[in-house]
Undergrad: 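Pasting a structure below so you can have a look.
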Amino acid sequence: MPTYTGPQKDRLRWKVTEPGLHVCEDGARHVGFVVSVDGGFIAFDDASNPLGRYQRLRSAKQSVETIPARRFMQFWH
């Protein structure tokens, strides 16, 4: 059984692909993205499912960055 070591945050890279759109990648794999909207930000997973609305960009990005951890835990439970 594999041992879970947590999300590999050191491999996650954020880039702004257009104004108001922040995309997160883990190597060549798309992890999710954050869109700027009036009054905050909305985070989405790699399948464009909304994860939540946030007032701060950093909070929205953290939501996307924890997706691999949540999926791993769902797989093993």
Side-chain angles (χ1 to χ4, degrees):
M1 181 164 147
T3 301
Y4 177 65
T5 60
Q8 301 296 315
K9 285 192 171 188
D10 58 326
R11 293 182 9 195
L12 296 179
R13 299 288 179 250
W14 284 94
K15 61 183 174 181
V16 179
T17 57
E18 62 183 66
L21 179 61
H22 304 259
V23 177
C24 183
E25 296 176 343
D26 179 3
R29 188 174 66 87
H30 176 77
V31 176
F33 60 98
V34 174
V35 177
S36 176
V37 296
D38 286 338
F41 303 89
I42 300 176
F44 296 87
D45 67 10
D46 60 338
S48 299
N49 297 309
L51 301 172
R53 185 180 180 117
Y54 303 87
Q55 291 183 342
R56 297 178 52 219
L57 176 60
R58 184 69 229 143
S59 298
K61 285 182 173 182
Q62 287 173 335
S63 176
V64 172
E65 291 170 353
T66 61
I67 292 170
R70 288 196 305 259
R71 288 198 177 143
F72 183 89
M73 295 310 290
Q74 289 173 353
F75 176 77
W76 288 106
H77 282 76

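Values below: every heavy atom of this structure, side chains too, minus hydrogens, waters and symmetry copies. In what follows, residues are counted from 1 in the order of the sequence shown.
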Undergrad: Who are the side chain to side chain contact (heavy atoms under 4.5 Å, CB included) partners of Ser36, not counting sequence neighbours?
TA: Phe41
Undergrad: Give, for atom CG of Asp26 and atom CD of Glu65, the distance between the pair rounded to the nearest 0.5 Å.
TA: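 Result: 11.0 Å between the selected atoms.
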Undergrad: Quick one: OG1 on Thr66 to CG on Leu51, what's the gap to the nearest 0.5 Å?
TA: 7.5 Å
Undergrad: Tell me, please, which residues at least two apart from Val16 pass side chain to side chain contact (heavy atoms under 4.5 Å, CB included).
TA: His22
Undergrad: Answer yes if Val34 and Val37 sit in the same cluster of Ile, Leu, Val, Met, Phe, Trp and Tyr residues linked by side chain heavy atoms under 4.5 Å apart, and no otherwise.
TA: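 As far as the 4.5 Å side-chain criterion goes, Val37 and Val34 are not connected within one cluster.
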Undergrad: Between Tyr54 and Ser63, what is the shortest heavy-atom contact and its length?
TA: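 Minimum heavy-atom separation between Tyr54 and Ser63: OH-OG, 3.0 Å.
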Undergrad: Could you point out which residue of Val64, Leu57, Val23, Val31 forms a side chain to side chain contact (heavy atoms under 4.5 Å, CB included) with Trp14?
TA: Val64
Undergrad: Could you state the interatomic distance from CD (Glu25) to OG1 (Thr17), rounded to the nearest 0.5 Å?
TA: 9.0 Å
Undergrad: Rounded at 0.5 Å granularity, tell me how far CG in Asp45 sits from CZ in Phe33.
TA: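 Nearest 0.5 Å value for the CG-CZ distance: 8.0 Å.
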